[in-house]
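Inspection log for the structure reproduced underneath, given as structure tokens.
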Amino acid sequence: MNTLTITRPDDWHVHLRNGPALADTVSDAARNFGRAMVMPNLAPPIVNITQARSYREQILAARPSGSHWQALMTLYLTDNTSAQDISDAAESGIIYGVKYYPAGATTNSASGVTNIDATDKALEQMQVSGMPLQIHGEVTDPDIDIFDREAVFIERILVPLVQRFPELKIILEHVTTRDAVAFVSDSNSNIAATITPQHLLFNRNHLLAGGIRPHYYCLPVLKRDVHQKVLIAAASSGNKKFFLGTDSAPHSKSSKESACGCAGCYSHHAAIELYAEAFSRAEALDKLEGFASHFGADYYGLPRNTETITLRHEPWQLPQSSKLGNEAMVPLSAGEQLQWQVIDGAL
């Protein structure tokens, strides 16, 4: 197979930031995707409709000329999110999910949920309204090993949550373990998951072997190859519960290569090409369209895109760096060679 034409894909989990960075992140997001589910973890976070509308206007203003790419907005769940906030979101026409960050779990999550029970009224209204809950599934207890935080979250938080709200639509975002794949696979149709390119292509050896490589550092952290293999199998299985969500997260080169070592991998410079790389290695390119272009739209109850993009098997080299507003950024797989590139349909 030398070329592959698929329905234009969507990204169901992306970070665009704000300020000067928007011109670059939005341009990259709109290059091959039709829509993007925009995460709300700005500083301060997007917690109400007014803030979401303002942020959306900024994003759309940064679109390349002539682009029809759409930003799908989300709200940031806090201990104080009310049932009325959820009702307003459901009626807004611009909010497509509510993001649950355990407080302190990842970038700009300090305002996240400290006690999931405090959100019961909001979750009850989400269940009634059909509003999906998008979960960063990790516990933050300091005594829990960082490689076990997803599995422990499922056992301690997610299983009881599903028992309390059996009709709540839940997306377990950026799954990284065989525990998460098993949970999603065995759950009812309300439960789905997104998978990132970095968790399909890399494991913790890429992060740690031969020296710490900060540009592979993300949360949830890369896991053992046994988990990576299960993720590849799930993504390429044709199971509609698993779909594309890059979790593309821009950080400047200086912030990634500092004592902070900010968590996040930027993949929107070559996102669909990176996924094609993973599916090609798995000899499952015929499954890429469902994962990238169909299953997410179906889950969210949105129409599938009608345009297409075409990729060709033709090696090309990724740049060593890219621009992020007024700073430089090192994107995922910088300087490496990919085997597939988009030749038609890019905007």
Side-chain angles (χ1 to χ4, degrees), residues 10 12-13 35 37-40 46-49 52 72-102 105 112-139 150-175 177 179-195 234 237-245 290-291 294-304:
D10 298 304
W12 300 100
H13 184 128
R35 294 166 290 204
M37 189 70 68
V38 181
M39 294 298 106
I46 306 298
V47 298
N48 59 49
I49 300 301
L72 311 178
M73 308 307 292
T74 60
L75 293 187
Y76 187 112
L77 186 68
T78 74
D79 291 349
N80 299 316
T81 302
S82 68
Q84 188 61 52
D85 290 329
I86 301 302
S87 294
D88 292 344
E91 295 172 2
S92 69
I94 65 167
I95 304 297
Y96 292 86
V98 176
K99 184 64 182 283
Y100 166 25
Y101 292 103
V113 174
T114 62
N115 177 8
I116 189 61
D117 293 338
T119 67
D120 275 5
K121 290 184 178 179
L123 295 177
E124 287 172 3
Q125 186 58 49
M126 289 177 67
Q127 185 169 242
V128 170
S129 302
M131 178 68 68
L133 178 68
Q134 302 152 326
I135 295 179
H136 181 113
E138 291 188 288
V139 296
E150 185 173 272
V152 173
F153 179 90
I154 292 169
E155 176 186 355
R156 290 186 183 177
I157 308 296
L158 191 52
V159 169
L161 180 66
V162 171
Q163 290 172 344
R164 294 207 316 275
F165 301 102
E167 301 304 318
L168 180 64
K169 296 190 73 169
I170 293 174
I171 303 96
L172 190 56
E173 302 281 15
H174 43 53
V175 292
T177 61
D179 310 80
V181 169
F183 175 82
V184 173
S185 298
D186 295 340
S187 297
N188 65 33
S189 60
N190 290 336
I191 313 297
T194 57
I195 304 179
S237 67
N239 186 335
K240 294 184 176 183
K241 286 172 165 281
F242 299 96
F243 46 84
L244 186 155
F291 174 84
H294 295 164
F295 301 158
D298 295 348
Y299 180 84
Y300 278 99
L302 295 171
R304 296 176 180 180

Heavy-atom side-chain proximity of Tyr101 to Pro40 below 4.5 angstrom: yes
Apply side-chain contact (heavy atoms from CB on, under 4.5 Å) to residues Arg304 and Asp298 and explain how you reach the verdict. CA-CA 7 Å; Arg304 296 176 180 180; Asp298 295 348; 2.7 Å; yes
Less than 4.5 Å apart, any side-chain heavy atom of Glu167 and any of Asn190? yes
Across all chains, not counting sequence neighbours, the side-chain contact (heavy atoms from CB on, under 4.5 Å) partners of Phe153 are Tyr100, Pro102, Ile135, Val139, Ile157, Leu158
Taken in chain and number order and not counting sequence neighbours, the residues that satisfy salt bridge (Lys or Arg N to Asp or Glu O under 4.0 Å) with Arg164 are Asp117, Asp120
Val181 and Ala234 have their tightest heavy-atom pair at CG1-CB, 3.9 Å
Where does the angle between the aromatic ring planes of His174 and His136 fall among parallel (under 30°), tilted (30 to 60°) and perpendicular (over 60°)? perpendicular
Could you tell me whether the side chain of Leu77 reaches within less than 4.5 Å of the side chain of Lys99, counting heavy atoms only? no
Which atom pair, heavy atoms only, marks the closest approach of Ala180 to Leu172? CB-CD2, 3.9 Å
With Val159, which residues qualify under side-chain contact (heavy atoms from CB on, under 4.5 Å), at least two apart? Ile154, Gln163, Phe183
Under the rule for side chain to side chain donor-acceptor pair (under 3.5 Å), what residues qualify as partners of Ser82, not counting sequence neighbours? Asp85
On a heavy-atom basis, the closest approach of Leu168 and Ile191 is O-CD1, 4.4 Å
Can Leu244 and Asp10 be said to form a side-chain contact (heavy atoms from CB on, under 4.5 Å), step by step? CA-CA 7 Å; Leu244 186 155; Asp10 298 304; over 6 Å; no
With sequence neighbours left out, what residues match Asn239 under side-chain contact (heavy atoms from CB on, under 4.5 Å)? Ser185, Ser237, Lys241, Phe242
What one should report as the nearest heavy-atom pair of Ala192 and Phe243 is CB-CE2, 3.6 Å
To the nearest 0.5 Å, atom OG of Ser129 lies from atom CD of Glu124 at 11.5 Å
Identify the two heavy atoms, one from Arg35 and one from Ala297, that lie closest to each other, and give their separation to 0.1 Å. NH2-CB, 3.7 Å
Indicate yes or no: at least one non-hydrogen side-chain atom of Gln134 is less than 4.5 angstrom from one of Val98. no
Please confirm whether the backbone N or O of Ala83 pairs with a side-chain atom of Gln125, one donor and one acceptor, at under 3.5 Å? no
In chain order, what residues pass the side chain to side chain donor-acceptor pair (under 3.5 Å) check against His13, with sequence neighbours excluded? His15, Glu173, Asp247
The criterion is side chain to side chain donor-acceptor pair (under 3.5 Å); which residues satisfy it with Tyr299, sequence neighbours excluded? none
My understanding is that only residues two or more places apart in sequence, or in another chain, count here; which of them pass ring pair (Phe, Tyr, Trp, His ring centres under 6.0 Å) with Phe291? Tyr275, Phe279
Side-chain contact, heavy-atom cut-off 4.5 Å: Ile195 with Val175? yes
Hey, which of Val47, Ile86, Thr119 is the one that makes side chain to side chain contact (heavy atoms under 4.5 Å, CB included) with Thr81? Ile86
Residues Val184 and Ala193: closest non-hydrogen pair is CG2-CB, 3.9 Å
Which residues pass the ring pair (Phe, Tyr, Trp, His ring centres under 6.0 Å) test with Tyr300, not counting sequence neighbours? Trp12
Not counting sequence neighbours, which residues clear salt bridge (Lys or Arg N to Asp or Glu O under 4.0 Å) with Asp79? List them please. none
Do the non-hydrogen side-chain atoms of Gln127 and Pro166 ever get within less than 4.5 Å of each other? yes
Who are the side chain to side chain donor-acceptor pair (under 3.5 Å) partners of Gln84, not counting sequence neighbours? Asp88
Do Tyr96 and Thr74 have side chains that approach each other closer than 4.5 Å (heavy atoms only, starting at C-beta)? no
Run the side-chain contact (heavy atoms from CB on, under 4.5 Å) test against Ala89 and tell me which residues pass, sequence neighbours left out. Ile49, Leu75, Ile95, Met131
